[in-house]
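Report on the following structure.
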Amino acid sequence: MFATKRGAERWLVETEAEILRGEWLDPDAGKIPLGDYLDQWIKERDLKARTREEYERIARLHIRPQLGKRPLNEVTSAVIRTWRSDRLAAGVGRSTVAKAYRILHAVFGTAADDEPPLIRRNPCRLKGAGSDKSDERPTATLDQVLALADAIQPRYRLLVLLAAFAQLRFGELVALRRRNIDLARMELRVQRATAEMEDGTQLDDDPKSEAGKRPITLPRALRVDIEAHLHNYVGASDDARLFIGPQGGIPRRRNFNRVWKRAMCDAGVPAGADLHLHDLRHTGSTWSAQSGATLKEVMARIGHSSPRAAMIYQHATRDRDQAIADALDALITERRP
């Protein structure tokens with residue numbers, strides 16, 4: 001095993017020192033293949049069904065084929081760097097690669113924290129590799145929102161209005177029941193979200209985070225729309241869904257997208273605007289920020305526990321920037337001879 005007696009003695013001294021410092025690693029412990037450890041890691045996480053499915057898909061497509069057979073203790077920072085570069089070169093989107101990197105970072109973090117630890121340190125140390133800054137989505141004008149509500153199938157009119165003025169996600173919208181609307185207080189309470197699995201199964205689950213369970217005060221101008229919708233499209237039971245398709249089923253994203261595109265055309269919204277239903281959530285959140293809402297107020301309304309996402313609605317718009325410039329211009333003009 002050792003070429004010389006001195007080499008053996010040096011190894012023994014170094015090993016004893018590592019044991020005393022609590023830094024010694026069993027050289028065989030980290031030989032488990034990354035793919036096997038990854039499968040066990042996902043299995044042991046407390047994940048929502050849709051999140052678990054997404055992790056498994058990313059692992060199947062973007063981690064296991066390239067790294068799955070490598071022992072944990074042989075995955076170095078250089079290996080991770082090459083893997084990431086190869087994924088991007090293969091045309092995989094930056095957002096997907098960032099998600100895969102974040103999973104790897106968490107997996108190796110667990111391996112380093114295990115008792116006894118399986119690796120000495122996390123090899124995922126590429127600065128910014130886990131960030132996936134998305135392109136800024138478009139926002140609609142008030143006229144466009146109202147035109148879309150008028151143009152879409154009547155059973156989905158209120159859905160469009162709530163997407164914009166209550167800033168709800170599609171899954172939150174289709175999970176709403178009659179009992180979630182309090183007309184006396186003009187309040188909507190988000191308690192569940194409908195997730196659609198890859199096999200087409202739909203299931204109601206808790207929102208993404210505890211902050212997702214939230215009351216939302218509605219504009220009183222929507223009362224007439226809500227009353228008409230409850231009368232025409234919602235069963236009398238408190239458990240009746242607020243939105244159902246023409247055949248009585250829970251709306252699905254793919255089917256709704258066809259309805260949405262037709263409404264875009266009928267409302268005269270240019271196809272080049274690339275406006276999605278989810279963009280109405282961004283639109284309403286931007287309006288909330290422009291109305292003077294604080295960051296915490298925007299976070300509470302859109303159901304975010306972290307300020308990271310809510311911060312995007314705090315940015316200054318061109319209209320507000322012009323208003324500020326006009327006010328400064330007035331001050332300058334007033335003081336000049």
Next item on the list: With rounding to the nearest 0.5 Å, note down the distance linking CG in Asp182 to CD in Glu187.
Entry: 6.0 Å
Next item on the list: Nearest 0.5 Å please: distance from the CZ atom of Arg253 over to the CD atom of Gln202.
Entry: 10.0 Å
Check: Roughly how far, to the nearest 0.5 Å, is the CG atom of Leu104 from the CG atom of Leu126?
Finding: 10.5 Å
Margin query: Going by the rule side chain to side chain donor-acceptor pair (under 3.5 Å), which residues pair with Asn122 if we only count those two or more places apart in sequence or in a different chain?
Written below: none
Notebook entry, point to check: Is the shortest heavy-atom distance from the side chain of Leu277 to the side chain of Tyr156 under 4.5 Å?
Noted result: no
Margin query: Quick test of your reading: applying salt bridge (Lys or Arg N to Asp or Glu O under 4.0 Å), list the pairs with at least one residue in residues 59-86, sequence neighbours left out, ordered by first then second residue.
Written below: Asp39-Arg64
Notebook entry, point to check: With the threshold set at 4.0 Å, does a side-chain nitrogen-carboxylate oxygen contact exist between Glu196 and Arg254?
Noted result: no
Margin query: Show the nearest heavy-atom pair for residues Ser77 and Pro123, with the distance to one decimal.
Written below: OG-O, 3.0 Å
Next item on the list: Specify the closest pair of heavy atoms between Thr283 and Thr139, including all atoms of both residues, with the distance to one decimal.
Entry: OG1-CA, 3.4 Å
Note to self: Test of understanding: clusters of I, L, V, M, F, W, Y form through side-chain heavy atoms closer than 4.5 Å, transitively. Do Leu142 and Leu222 belong to the same one?
What the structure shows: yes
Notebook entry, point to check: So, for Phe108 and Leu34, which heavy atoms are closest and what is the spacing to 0.1 Å?
Noted result: CZ-CD1, 4.0 Å
Check: Should the heavy atoms of other residues, nucleotides or ligands under 6.0 Å from CZ of Arg45 be counted, would the total exceed 12?
Finding: yes
Item checked: Contact summary for His229 and Leu242, nearest pair of heavy atoms -> NE2-O, 2.6 Å
Next item on the list: Give the C-alpha distance, both sets of side-chain angles, the deciding distance and a yes or no for side chain to side chain contact (heavy atoms under 4.5 Å, CB included) between Val190 and Lys213.
Entry: CA-CA 5 Å; Val190 179; Lys213 295 180 179 180; over 6 Å; no
Checklist line | Any donor-acceptor N/O pair, Arg87 side chain to Val97 backbone, under 3.5 Å | finding: no
Item checked: Within-4.5 Å side-chain heavy-atom neighbours: Glu54 and Ile58 -> yes
Item checked: Those residues that, when tested against Arg102, pass side chain to side chain donor-acceptor pair (under 3.5 Å) (two or more places apart) -> Asp132
Notebook entry, point to check: Which residues satisfy the side chain to side chain donor-acceptor pair (under 3.5 Å) test with Thr96, sequence neighbours excluded?
Noted result: none
Next item on the list: Spell out, yes or no, whether Tyr101 and Val92 are grouped together once hydrophobic residues are joined by side-chain heavy atoms under 4.5 Å, including indirect joins.
Entry: no
Check: Same cluster for Leu161 and Ile244 if Ile/Leu/Val/Met/Phe/Trp/Tyr side chains link at under 4.5 Å?
Finding: no
Next item on the list: Any pair with a residue in residues 140-158 that passes salt bridge (Lys or Arg N to Asp or Glu O under 4.0 Å), sequence neighbours left out, goes on the list, sorted by first then second residue, please.
Entry: Asp150-Arg157, Arg157-Asp225
Check: Should we say atom CZ of Arg185 is surrounded by more than 12 heavy atoms from elsewhere, each under 6.0 Å from it?
Finding: no
Next item on the list: Take Tyr55 and Trp41 through the side chain to side chain contact (heavy atoms under 4.5 Å, CB included) test and state the conclusion after the steps.
Entry: CA-CA 10 Å; Tyr55 279 23; Trp41 184 89; 3.9 Å; yes
Next item on the list: To the nearest 0.5 angstrom, please state how far the CG atom of Leu176 sits from the CD1 atom of Ile181.
Entry: 6.5 Å
Note to self: Within the supplied structure, the quantity of interest is the number of heavy atoms (other residues, nucleotides, ligands) at a distance under 6.0 Å from Asp46 CG; does it exceed 12?
What the structure shows: no
Check: Should we count CZ of Arg94 as having more than 12 external heavy atoms under 6.0 Å?
Finding: no
Checklist line | Ionic contact status for Arg178 with Asp239, cut-off 4.0 Å | finding: no
Item checked: Arg214 (side chain) donor-acceptor with Arg301 (main chain) under 3.5 angstrom -> yes
Margin query: Quick one, Val107 and Ile42 - any side-chain contact, counting heavy atoms below 4.5 Å?
Written below: no
Check: Applying the 4.5 Å side-chain criterion to the ILVMFWY set and letting contacts propagate, would Val234 and Leu183 be lumped into a single cluster?
Finding: yes
Next item on the list: Could you grab the distance from atom CZ of Arg220 to atom CD1 of Ile226, nearest 0.5 Å is fine?
Entry: 10.5 Å
Next item on the list: Output yes when a side-chain donor or acceptor of Gln153 lies under 3.5 Å from a complementary backbone atom of Ala263, and no otherwise.
Entry: no
Next item on the list: Quick one: closest heavy-atom pair of Asp274 and His276, and the distance?
Entry: OD1-NE2, 3.2 Å
Checklist line | Distance, nearest 0.5 Å, that separates CG of Leu118 from OH of Tyr37 | finding: 5.0 Å
Item checked: Joint cluster assignment, Val174 & Met197, ILVMFWY side-chain distance < 4.5 Å -> no
Notebook entry, point to check: Between Ile216 and Glu172, does a side chain to side chain contact (heavy atoms under 4.5 Å, CB included) hold up when you go through it step by step?
Noted result: CA-CA 12 Å; Ile216 300 173; Glu172 294 171 340; over 6 Å; no
Item checked: Those residues that, when tested against Glu198, pass side chain to side chain donor-acceptor pair (under 3.5 Å) (two or more places apart) -> none
Check: Do you know which two heavy atoms are closest between Leu159 and Phe256, and how far apart they sit?
Finding: CD2-CZ, 3.7 Å
Checklist line | From CA spacing to verdict: side chain to side chain contact (heavy atoms under 4.5 Å, CB included), Thr194, Phe243 | finding: CA-CA 12 Å; Thr194 301; Phe243 301 108; over 6 Å; no
